[in-house]
Amino acid sequence: MMMPDFGTGARIALAPLPPDWPGGFWWHWLFFTVLVLAFVLSMVMGVIYIERRVLARMQSRLGPNRTGPFGLLQAVADAVKVLIKENIVPAAADKVVHWLAPVVAFAPVVMVFAVVPFANGALLADLNIGILYVVAVSSIASVGIFMAGWGSSNKYALLGGMRDVASIVSYEIPLVLAILGVVLVAGSLSLNDIVQAQQNIPFILVQPLGFLLFFTAACAEINRSPFDLLEADSELTAGFHTEYSGMKFAMFYLVEYAEALAVSAVVATLFLGGWQGPVLPPWLWFLGKVFFVFLVMVWVRATMPRVRIDQLMAFAWKCLFPLALLNLLLTAAEVALWPGAMPLIVIPINFAIAGLLIIIWSKFFKLGWGRVEV
Amino acid sequence: MTIALSGTELGKRLAEKFPGSIVESIPDCLLVNPSLLPEVAGFLKDIPDLDFNYLNYITSVDYYEYFEVIYRLTSTKYNHSIVLKARCYDRENPVLPSVTELWQGANFQEREIYDLMGIRFEGHPNLKRLLLWDGFAGHPLRKDYL
Amino acid sequence: MEVVPDYIYPDREIDRAEGQVINDLKANSQPVIPDSDAWLDAELKQNILLTSVDTMIDWAQRSSLWTAICFPACCAFEFIAANGPRFDLSRFGMEILRASPRQADLMITAGTLTWKMAPNVKRIYEQMAEPKWVIAMGACAISGGIFASGYNVVPGYNHIIPVDVYVPGCPPRPEGLIYGIQMLQKKIAKKSLFHKEKA
Amino acid sequence: MAIKTEPFVLNIGPVHPSTHGVFRMRATLDGEVVLDIEPVIGYLHRGIEKLAEQRTFTGFIPLTDRLDYISSMSNNMAYCMAVEKLAGVKVPERAQYLRVIIAEMQRIANHLIANGSFLNDCGAYFTPFLYMFREREKVVDLFEMLSGQRLTYNFMRIGGLSQDIPDEFLPALRRFLDKMPAFIDEYDRLLKENEVLLARTRGVGIITAEKALNCSISGPVLRSTGYSWDLRKADPYLLYDRFNFDVPVGMQGDCYDRFRVRMEEMRQSVRIIEQALKDLPLKGAVRADVPQRLHPPKGEAYAHIESPKGELGFHVVSDNSIAPYRVHIRPTSLLNLTALREMVRGWKVADLIVIFGSIDICLGEVDR
């Protein structure tokens, strides 16, 4: 495996094969594509099980434990049942859009995993613009969600779709700005390089504010609680997938958790050091970090009330966006000050500045009231 | 303790103010002439030493010969209450004036009485059936229903 | 007091149309919908391949009964109690309440059904995707209960929709509901995908 | 620059996760903004007032359970008090103490559900709801000890209670009371100062005291406006004038105040029960001698109590037969909904749900 070369950027989009991997180029592709797909699907079932068990424990109940040992087969049963359920297309729906929406939503989420490194170099495509690819591809899912909301010809679904578009347009900006901080420190857009740059210090220490911004914005992008407005079940019954049943609903259900998994993986890669770690094998470190991030999401979901749509927008533009800009400015200054390696002193400095900014913003910025005169 | 004002005393005062408004005044309640009900109720609400600002409830009873509509008013300032009653003798098309202008709390209750007892309230902003649906035959709380 | 303007849309036509729907349904649903469980007694003769597919599918369906939200009245609180920390339906994988009937498998009809509500319940039932089951929970859902003589009460959900399992009680205790759910699971286990139910 | 938009009608309910039953709103929306709503009710109208005329005075008590099924005991009690007033029955003192204890326990149980489902409407995914349900189960256990039922207790009788309390009841209640304040603190810690909750509920759905009084609103919704009107103080029934307790009031009548008022009322209820337990006579009848076939003299009576949701009253008319001539129920929940239309205009759809949830209605009582 070649060592990262910061900044020279002379590599082609598809990185050369590692020597120890089997087969020719295309065989390699086929094999690992199938592997990644299988991994994503089985992991999604795993995280659904984990979420239901953990959520239930947090709500002082037990969670699924009757289906299979410890309820491990619960997700399997759910999947089989949902897949053979009747598939209803409303008469008034836009048939093509209605059919296409789950596929459009599902495909990009799986594609994100192509560039996530599971161990050193163990990734489907070591793109030198990996993180840009993640940002670009993951946003396509919301096109599918909007298609679902529009194509169902249901008012609840339409409201859900509108909310999704509004949130994705707003939260993309702080998300990318937060990523840029990491990219500046690492000096590369490739995810594998970014992980390797965290050899000594995970970036969560160097970029505490960036981590918080990225995590919040990513939660909003994938519509995890407290930003789960587009399928807010106490307001919009089931939001954009109100009219979906059977297999197509299963795909949306899958998308929801696959997105959560993808964000967990990206957070683990960008901020927690990816596969880096002592003693244990790298892939285990990676999975452990992914699950840890996912558990934090579940924890947030179990406690937080939901924000309102105008508060969601205000939060993105008035709070996250300026903070992300300041974070980027600060990081750029630090990188310019200490080209090469940063001294450890930046860690306390960054933490102090992050805390200060958050305190300032919490004083000046309040989520508004939002009544309109009618 | 909420004091129940004596109907006889208040009736005297109201009869002076609005001649012919009080049909009968007994200690428990005031029987008001339906045509002057809004004036009497408005007086009770607005006059400072009575100040009946709270309408507890409105209900109606079917006595075969007449419908009796009962209004219980309370003043949360002086903590006293009074019961007004109005009767309509027309069984086919009973009509009473609405008090929704004075107390918005009467809105749903008058609709409910219209729905279940069939008494129309003149001046109600949105008089339609509340609990049953449009097209339901009859008014169930009348004694001759079923 | 400020005067609230009239409603923006012409609601009286909507009201009349809705009332007409209720009256029609009331006129048409006097007979009880028969229980379609006669096939349960029939001996199932399939080859081994089909029965193992059946076993798999029946297992999946009975292990993941997602409930549609249709809780008109009092029994709803016993259902929530059954979902709550003590009785904990989540053990059976039933903690997912689907607000959209399209994604639900099981309708637990908790509470009195009135004629005004009946078209909505029928519609929810029709919106649910096959296969679907109904548990009539409580005396009111079975026969109208103590309100059976009321002028606006449907004497039992089986006038409107077919019911699979009846759970008596007013309201049934959560244990009773869980027992009813287990009866339903047994019923699903007997079902065969390739055995057409004779109507 | 204003974009030209067209309002559309969204039908929320009658089957919707957060309409607490079968409430239905025809909402006219402009995008997310609520221009207007029209409450459509009657989906649970079982004709209880008509059924009362077919039953004896005692035989109507089970039906009152199904009115506000979250606080059945309060309904029982209000109806029995109205008939007692009509028939001139004097309730023994021990029964009155027990009624106070039971009514306050019922208040705790009701507010637990009200606040839990309110937080659920705010979008906290079931957690606070289930936490509060855990404690409600304990109240329900105590009631089960008394009446053998979990939801529809049918425990009160005209002239007292149906039977004396079992011996285990008082120690069990004691244990519950010892733990309850800590649990209320736990709920406070859970979400009281959560920034998202504050942003969602503070200043949302404000109603002024004048407006609330004009709309016949009562209970925690009225008190949240800062207006102290509690029938336990204003028109003391049973033995409430013997106990020390405060009436918690809100600041400005928004959703957050309603939430806080209910929380504080639970604390006050614990206080009342503790005082009542201290003074409870250990021996004595729990039921006055009331004939089986009661026929009260001709006349009418109205008795009201401060039920957990507000002023709950029964207007009973007797014609000296064994069945009531007419029973009217003053529906707290229905009257509290009167101002809903004004409260939600101009807010977003999400606020509509929150405001509606903060009023805490029970459809059994709205529709009867």
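Just so it is clear: chains get the letters A, B, ... in the order the sequence lines come, proteins before strands, and each one is counted from 1.
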Student check: side-chain heavy atoms of F92(C) and N65(A) closer than 4.5 Å:
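Of all side-chain heavy-atom pairs linking N65(A) with F92(C), none is under 4.5 Å.
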
Taking the side chain as every heavy atom from C-beta outward, state whether K85(A) and P131(C) have any atom pair closer than 4.5 Å.
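Side chain of K85(A) against side chain of P131(C), heavy atoms only: contact under 4.5 Å found.
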
Return the minimal non-hydrogen interatomic distance between [X] and [Y], and the atom names on each side.
X: D88(C); Y: L62(A); result: OD2-N, 2.9 Å
X: N83(C); Y: R61(A); result: O-NH1, 3.0 Å
X: W66(C); Y: K81(A); result: CD2-NZ, 3.4 Å
X: Q103(C); Y: H241(A); result: NE2-O, 2.5 Å
X: P85(C); Y: Q59(A); result: CG-O, 4.3 Å
X: S63(C); Y: A77(A); result: CB-CB, 3.8 Å

Segment of R53(A) engaging chain C (4.5 angstrom heavy-atom cut-off):
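Answer is neither: R53(A) stays 4.5 Å or more from chain C.
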
Where on L83(A) is there a heavy atom nearer than 4.5 Å to chain C: the side chain, the backbone, both, or neither?
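No part of it gets close to chain C.
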
Could you tell me whether M45(A) atom CE has more than 12 heavy atoms of other residues or ligands within 6.0 Å of it?
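Result for CE/M45(A): enclosed.
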
Do other residues, nucleotides or ligands put more than 12 heavy atoms under 6.0 Å from W150(A) CH2?
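Counting other residues, nucleotides and ligands, CH2 of W150(A) stays at 12 neighbours or fewer.
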
In Å, rounded to the nearest 0.5 Å, how long is the span from [atom1] of [X] to [atom2] of [Y]?
X: E86(A); Y: R102(C); atom1: CD; atom2: CZ; value: 9.0 Å
X: M128(C); Y: S245(A); atom1: CE; atom2: OG; value: 11.5 Å
X: S100(C); Y: Y244(A); atom1: OG; atom2: OH; value: 12.0 Å
X: S64(C); Y: Q74(A); atom1: OG; atom2: CD; value: 6.5 Å

